[in-house]
Amino acid sequence: MKQAGIAVLLAVSMCIPGRLAMGQSALERARQLKSVYRTDDAISILTRAIAEKDSLMTTLDEDLLSELSDCYFISGDYASAERAYKTLGREFPEKLMYSVRQMQCTYRMKDYVSTVDIGEGIIVRDTIPAVAALIGDAFNQVGQSDSALVWYGLALCRKPTYPSVVSKAAKIYLDKKDFDQALALTDSLLSLIPDDVTVSPIKGLALYLSEKYDEAINVFERQIEVGNNIYPVHFYLGQSYWRTNVLYRAEQELMSAWQIDSSDVNLAYCIAAVKADRMLSFDKEIRPWLDRALQMLEPDPSLMSRIHQQYGHGEYRSAHWSLAISHYKKAWQYNPKYISALSIIGYCYERQGDWRNALIWYEKYLSLATPGTTSYEFVQKSVEIARAELHMEL
């Protein structure tokens, strides 16, 4: 019974922050607590232990403060962690790891100026690729892409097989529409790590944006073969097949992308448009996707116009003249440059026998269209017919 009582007391003492088991140091107990994610309790023990040492006017205990710094970092208290690592770096300047961790803290706090300052101080002493990359990230975060590329380049000089850095640098080149540089960068890494699942999709995107659709298809298909079934792979593979007019494969890949992420309104529209290009049933196949796109849409005039154009095309093909008129009017309202809608609206009214409105919309078209074009001349003849029909009605 006596042994059982001692065991209970020991178990209870293990649950009380700051109270140590017999023969156990504060550092050992804190590490145990940290290992089971009780970082707040570990911080309490370490803070007390450091305070006790300070009161005795002893020298700084590196192990205690280093452990406390790590606990702050793990718990997300980056400000406290940064101060502790800064102290460690000042007291033990030969140990660069403390400056590296301080730099990581400032980056997490979005203090990018300090991140760059600390990082440059580290690089003077040792060109650590991860530090150069983080300096590049800091410049990238504040929109200084050229400076970011310089530091990413330094990181890659020291570590050519650095997929995350190649990915970030290549994306900067893509934003600049410098597709050749993006391809050169991705090819350099892929020659060392073929089929890398981070960099290969970016190469595929660069090929797609360069309108090298067949090459893009090869890259994306290979990614699927190696099991990289992520949204961008299926989306841009579908887009590439669409551009090469392999419509059934385009639809398959876009639907696969939808299974992964159904939050992209542009994808919903693309699926509808591909189905329309395949001449599938408007009511059964196309309309539901257009409806879904409208439900998801945060109004964007260009996309709204294109959606209503597809609605209009479908209703026109189905001889639903009133519905077609409604959608073509909306398409034109969202995009006043889409003047072809005006002549189509006039024709829809003509098919309904409403010559008065047909004439109004035909004349609206002629007032905006370029004289001498085939469509202009066709509408001119339609105007003559409409006027003749109205004259007969008098």
Could you go through Y349 and R356, starting from their C-alpha distance and side-chain angles, then the distance that decides it, and tell me whether this counts as side-chain contact (heavy atoms from CB on, under 4.5 Å)? CA-CA 8 Å; Y349 277 122; R356 188 173 303 281; over 6 Å; no
As a quick check of understanding, evaluate side chain to side chain donor-acceptor pair (under 3.5 Å) for S375 and Y365, giving each step before the final call. CA-CA 10 Å; S375 56; Y365 172 81; 2.7 Å; yes
List the steps and the verdict of side-chain contact (heavy atoms from CB on, under 4.5 Å) for T87 and R90. CA-CA 5 Å; T87 300; R90 184 175 58 249; 3.7 Å; yes
Walk me through whether Y72 and Y78 qualify under ring-ring contact (aromatic ring centres under 6.0 Å, His included). CA-CA 7 Å; Y72 280 137; Y78 300 120; over 10 Å; no
Y328 vs L342, side-chain contact (heavy atoms from CB on, under 4.5 Å): CA-CA, chis, key distance, verdict: CA-CA 8 Å; Y328 279 118; L342 306 179; over 6 Å; no
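Side-chain rings of Y347 and W361 stay apart, their centers remaining 6.0 Å or farther from each other.
Checked against salt bridge (charged side-chain N to carboxylate O under 4.0 Å, His left out), E120 has no partners two or more places apart in sequence or in another chain.
With respect to Y311, the side-chain contact (heavy atoms from CB on, under 4.5 Å) criterion is satisfied by exactly one of L323, L290, I286: L290. Exactly one of K86, E82, R83 qualifies for a side-chain hydrogen bond (donor to acceptor under 3.5 Å, both in side chains) with Q102. That residue is E82.
Using a 4.5 Å heavy-atom cutoff, the side chains of H234 and I260 are in contact. N335 has its side chain out of reach of P301: every pair of non-hydrogen atoms, C-beta onward, lies at least 4.5 Å apart. Looking only at side-chain heavy atoms (C-beta outward), Y85 and D70 come within less than 4.5 Å of each other. Taking 4.5 Å as the limit, every side-chain heavy atom of W332 sits out of range of all side-chain heavy atoms of K329. Considering only heavy atoms from C-beta on, Q32 stays 4.5 Å or farther from E28 through its side chain. The shortest side-chain heavy-atom distance between E251 and W242 does not fall under the 4.5 Å cut-off. Side chains of Y362 and E350 form a contact here, defined as non-hydrogen atoms less than 4.5 Å apart. In this structure, the side chains of L88 and S69 come closer than 4.5 Å at one or more pairs of heavy atoms.
Residue-environment remark: CE (M109) exceeds the threshold of 12 foreign heavy atoms within 6.0 Å. Residue Y376 places its OH atom among more than 12 non-hydrogen atoms of other residues, nucleotides or ligands, all under 6.0 Å distant.
A side-chain donor from one of Y98 and E62 sits under 3.5 Å from a side-chain acceptor of the other. In this structure, a donor-acceptor pair under 3.5 Å is absent between the side chains of R306 and Q310. Side chains of Q144 and Y112: a donor-acceptor N/O pair is absent below 3.5 angstrom, by distance only. No side-chain donor-acceptor contact under 3.5 Å links Y213 and Q239. A donor atom on one side chain and an acceptor atom on the other are not found under 3.5 Å apart for D300 and S302. If you check the side chains of Q352 and S322, you find a donor sitting under 3.5 Å from an acceptor. Residues H308 and Y338 bring no donor and acceptor atom of their side chains to less than 3.5 Å of each other. If you check the side chains of Q141 and Y107, you find a donor sitting under 3.5 Å from an acceptor. Counted by atom type alone, W151 and N140 present zero donor-acceptor pairs between their side chains at under 3.5 Å.
S240 places a side-chain N or O within donor-acceptor distance of the main-chain N or O of Y236, the cut-off being under 3.5 Å. In this structure, the side chain of R158 engages the main chain of T127 through a donor-acceptor pair within 3.5 Å. Using modelled atom types, no side-chain atom of T186 and backbone atom of K203 make a donor-acceptor pair closer than 3.5 Å. In terms of modelled atom types and a separation under 3.5 Å, the side chain of T244 and the main chain of Y241 share a donor-acceptor contact. Under a 3.5 Å cut-off, the side chain of S80 and the backbone N or O of D77 do not form any donor-acceptor pair. With hydrogens and angles disregarded, no donor-acceptor distance shorter than 3.5 Å links the side chain of S188 to the backbone of A184. Side-chain atoms of T115 come within 3.5 Å of backbone atoms of D111 as a donor-acceptor pair (strictly under, hydrogens ignored). In this structure, T47 contributes its side chain and S44 its backbone to no donor-acceptor pair below 3.5 Å.
Rounding to the nearest 0.5 Å gives a distance of 9.0 Å between CD of E91 and CG of L65. To the nearest 0.5 Å, atoms OH (Y269) and CE (M304) are separated by 13.0 Å. Rounding to the nearest 0.5 Å gives a distance of 10.0 Å between CG of L267 and CZ of R292. Taken from CG in L368 to OG in S340, the straight-line distance is 11.0 Å, to the nearest 0.5 Å. Rounding to the nearest 0.5 Å places CD of Q223 at 9.5 Å from CG of N229. Here the CD atom belonging to E384 is positioned 9.0 Å from the OG atom belonging to S382, to the nearest 0.5 angstrom.
Here E225 pairs with R222 in a salt bridge; the nearest charged N to carboxylate O distance falls below 4.0 Å. The pair R387-E363 meets the salt-bridge criterion, with a side-chain N (NZ, NE, NH1 or NH2) lying under 4.0 Å from an Asp/Glu carboxylate O. The residues E315 and R287 are annotated as salt-bridged, a charged nitrogen and a carboxylate oxygen being separated by less than 4.0 angstrom. With respect to the salt-bridge test (charged N to carboxylate O, under 4.0 angstrom), the residues E253 and R249 qualify. The pair K34-E67 meets the salt-bridge criterion, with a side-chain N (NZ, NE, NH1 or NH2) lying under 4.0 Å from an Asp/Glu carboxylate O.
W258 and W289 have perpendicular rings, their planes meeting at more than 60° on a 0 to 90° scale where under 30° would count as parallel.
At least one cation-pi condition fails for R317 and F282: the charged atom is not both under 6.0 angstrom from the six-membered ring centre and inside a 45 degree cone around its axis.
Nearest heavy atoms, A42 versus L33: N-CD1, 3.9 Å. For G372 against E377, the heavy-atom pair with the smallest separation is O-OE2, 3.6 Å. Closest non-hydrogen pair, T370 versus T373, comes out as O-OG1, 3.1 Å. The two atoms that bring P201 and N228 nearest to each other are CG-ND2, 3.6 Å, heavy atoms only. Closest of all the heavy-atom pairs between I50 and L68 is CD1-CD2, 3.6 Å. Residues G204 and A216 share a closest heavy-atom pair of O-CB, 3.7 Å.
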Which atom pairs, donor and acceptor, lie under 3.5 Å between side-chain atoms of residues 159-174 and protein residues at least two apart or in another chain?
| from | atom 1 | to | atom 2 | distance (Å) |
| --- | --- | --- | --- | --- |
| K168 | NZ | D137 | OD1 | 3.1 |
| K168 | NZ | D137 | OD2 | 2.9 |

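V246 and L207 sit in two unconnected hydrophobic clusters of ILVMFWY residues. Membership requires side-chain heavy atoms under 4.5 Å apart, directly or through other members. When the side chains of ILVMFWY residues are joined at heavy-atom separations under 4.5 Å, either directly or via intervening members, V226 and L237 end up in two distinct hydrophobic clusters.
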